[in-house]
Protein chains: 4
Amino acid sequence: MDSASIKKQSITFTTIDLINEFGIQGVSTREVAKRQGISHGAVFQYFPKKNDLLLSVIEYFSLFDHDLFHSTRIRNMKSKEAIIYYIENYMIYYESYPAITAVYQMYDVLQNDTELGDKVKNVYNTRLDFMTKLIEAAQKEGSIRNTEGCTALPVILTSYIRGICLKWRIEGYGFQLRKTAMQAINMILDAFSL
Amino acid sequence: MDSASIKKQSITFTTIDLINEFGIQGVSTREVAKRQGISHGAVFQYFPKKNDLLLSVIEYFSLFDHDLFHSTRIRNMKSKEAIIYYIENYMIYYESYPAITAVYQMYDVLQNDTELGDKVKNVYNTRLDFMTKLIEAAQKEGSIRNTEGCTALPVILTSYIRGICLKWRIEGYGFQLRKTAMQAINMILDAFSL
Amino acid sequence: MDSASIKKQSITFTTIDLINEFGIQGVSTREVAKRQGISHGAVFQYFPKKNDLLLSVIEYFSLFDHDLFHSTRIRNMKSKEAIIYYIENYMIYYESYPAITAVYQMYDVLQNDTELGDKVKNVYNTRLDFMTKLIEAAQKEGSIRNTEGCTALPVILTSYIRGICLKWRIEGYGFQLRKTAMQAINMILDAFSL
Amino acid sequence: MDSASIKKQSITFTTIDLINEFGIQGVSTREVAKRQGISHGAVFQYFPKKNDLLLSVIEYFSLFDHDLFHSTRIRNMKSKEAIIYYIENYMIYYESYPAITAVYQMYDVLQNDTELGDKVKNVYNTRLDFMTKLIEAAQKEGSIRNTEGCTALPVILTSYIRGICLKWRIEGYGFQLRKTAMQAINMILDAFSL
DNA sequence: GATGAATGAGGATTCATTCAT
DNA sequence: TATGAATGAATCCTCATTCAT
């Protein structure tokens, strides 16, 4: 990665921190510059518009998605294991980088800008689709029930993930995210097994 | 309700609409005044600080909570029915007033202001507590399983509710919220029955 | 005129002064505010966009045009006298308010903004049309020659007016604009008489 | 011309184009660099200050003046022919390089900078002086009337030239500049003949 | 000689809040 | 009680200029 890319990423991280601490409203290009120890104008050399910076944040937020989709697929696990593997990877990641969960909770706020909204919608749908495919595979495989209503399962799981992250944040990271989440996920999957 | 209170509520509604259309960042006291057809200064006669206005929004968002808690309790339903009754009421309400779901998705953003954050936290905890109590009752009653992990159920349910509302918003209200949600909720409760 | 309109006009005058002293590039909303002795933000209460302010300048620049067209027409003068009357009024006005001639020289610069350009084009054409009509009347009346090429006369006259104003400005208002101009105009009209 | 001078001229041309398209306000060193396909910093190697660049533009604008003065003088024409020759050369030039007429219309705007203003004043005066000399010669020669007011003739002619160029620009180059202008010039000269 | 990153001042504009009327 | 003018800080963004490489 060249030095410009490194700087861009560093600025992106700073922005994520700011979002985490002060919310979207708390992100100003000036504050980003101050934290980065660069001049205000310099920010715009890397991100000509503030939106480009926010776009970069969303991009980073979903950076590992495709890798994870891939690695989940190639591991040749039973579908239920695959689901667990997939979700647990997020949990590990979030636990190691709590600030990023602020972006996760911002889905709706970002909708108000067309450009950002489109990007977020894309991330949302991509993740939901992948989850849906995993579950369908598990259903074909027979490890998850295939009753009529079970189409809701992907939404249930993804909502839970987002929901437990919100709880984690509200409670000041006061419990073990991964452990808590994976117990619940296992429980859900068990409940929907045959 | 006196005329001042009516006006305050009317301003609050306008604010909710603005949040719905433009996000928190899109709420300005000027725009609120314009939409209300009052002068800019007048807003401050009802809400001396902008935060007071936002506080009022959160308050309105949770206005019916206690009534609903109450009416859920007194109806003397079986616990599982009570859970469904409780959740369905929200769904009916949201379906009749979609803009309010924007506030629902803002939980995390509002945390960045101490005052607002406290209020939101309170709403979040109160609702979660009530859901927990409903479920515990159902477990005692024997209509819901009481395996070790089942403490997660309240979070699963509340997360799903918030999650399906997000999906509803992202998809432009393109499906029937209540119907979709209640099917899923029933499914979850069934899965966790004995 | 209400107090808001008075203030708007006052700000417009200040802007004209600024244009006169520093050119278009020298007009900043901040400087306008400073000169007016008001806060920076206050400027935007009267002119929400800087362009509105510039629009107001052009409007003021051409404010008396229609009155002058009218008063020129109703005076029932011989056409040649009418032409002189018409032009002399501008000269009197410019001599009493030299700064406004800066706007006169800005025609081309203003073309680069669509909105301003349209307005300027309109002023330009309206004035040229009126001059054309005056000359055609004089030709019908027989006081001005009607040889083939004489269609150029309106452009010659209007160009001279703008040209002598430029000279006046370049030479630091070092000659009597009205006297100089009217001698030349008379000379031109004589030269094109029968 | 050495390679540095070639580059300087090329940058100057680009600047003239920019002035033509966007006005003085639209000229930024960054945009010049972009159009030239060089780095931003490189511009300053050729023109240490932006003003130097604008100076160069004015210089180019008047580059052929002295040659034209010279060639007009040595051709040994009758004075009236000389005037026509002189003016027609400008028209030919402008018609072949319309963008340069943007600079012509900028006389007044450039006055606001001392350095640029001096240079422009110089160009203005030099041209006016030469025109004055041509006319005086024609008067001595007897081909142009020498009545009292005729001192205005140089201003009339130079104003017309600038004025018809403005019209040409305003009307989107929608007529033949040279033909239109020369007809008018001939007409003027005829009108002021004996 | 050329690059491109960095700077800092200044640009327009928005905003919550105050206050005289 | 309601108005709307005024404020001043904060917003994003652009620009000429410098300088190490």
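Every chain is numbered from 1, with letters handed out A, B, ... down the list of sequences.
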### Query
Can you check the B:His40 NE2 to E:dA16 C1' distance for me, whole Å?
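Atom NE2 in B:His40 sits about 7 Å away from atom C1' in E:dA16.
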### Message
What stems show up for DNA chain F when you take Watson-Crick pairs (N1-N3 plus N6-O4 or O6-N4) and G-U wobbles (N1-O2, O6-N3), both under 3.5 Å, and require three or more consecutive pairs?
### Response
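Result, WC/G-U stems under 3.5 Å: E:2-21 with F:2-21.
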### Query
Going by number, which of residues 10-39 of chain C have a non-hydrogen atom under 4.0 Å from DNA chain F?
C:Ile38, C:Ser39
### Query
What residues in residues 41-51 of chain B put a non-hydrogen atom under 4.0 Å from any atom of DNA chain F?
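Only B:Gly41, B:Ala42, B:Gln45, B:Tyr46 qualify.
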### Query
Do we see a donor-acceptor contact under 3.5 Å between the side chains of C:Asp65 and C:Ser62?
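Their side chains do not contain a donor-acceptor pair, so the 3.5 Å distance test is not met.
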### Task
Check the pair A:Lys49 / A:Phe44 against side-chain contact (heavy atoms from CB on, under 4.5 Å), numbers first and verdict last.
CA-CA 7 Å; A:Lys49 303 275 162 196; A:Phe44 292 88; over 6 Å; no
### Contact interval (first through last nucleotide) of DNA chain F with protein chain C, 4.0 Å heavy-atom
F:dA5 to F:dG8
### Message
So which atom in D:His40 and which in D:Ala33 form the shortest heavy-atom distance, rounded to 0.1 Å?
### Response
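In this case the closest contact between D:His40 and D:Ala33 is CA-CB, 3.6 Å.
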### D:Tyr104/D:Tyr107 aromatic ring centres below 6.0 Å
yes
### Message
Just to verify, what does C:Thr114 make a side-chain hydrogen bond (donor to acceptor under 3.5 Å, both in side chains) with, not counting sequence neighbours?
### Response
none
Return yes if some donor-acceptor pair links the side-chain N/O of [X] with the main-chain N/O of [Y] below 3.5 Å, else return no.
{"X": "A:Lys50", "Y": "A:Val27", "answer": "yes"}
{"X": "D:Asn20", "Y": "D:Ile16", "answer": "no"}
{"X": "C:Asp118", "Y": "C:Glu115", "answer": "no"}

### Message
Show every salt bridge (Lys or Arg N to Asp or Glu O under 4.0 Å) that has at least one partner inside residues 5-26 of chain C, sequence neighbours left out.
### Response
C:Glu21-C:Arg35
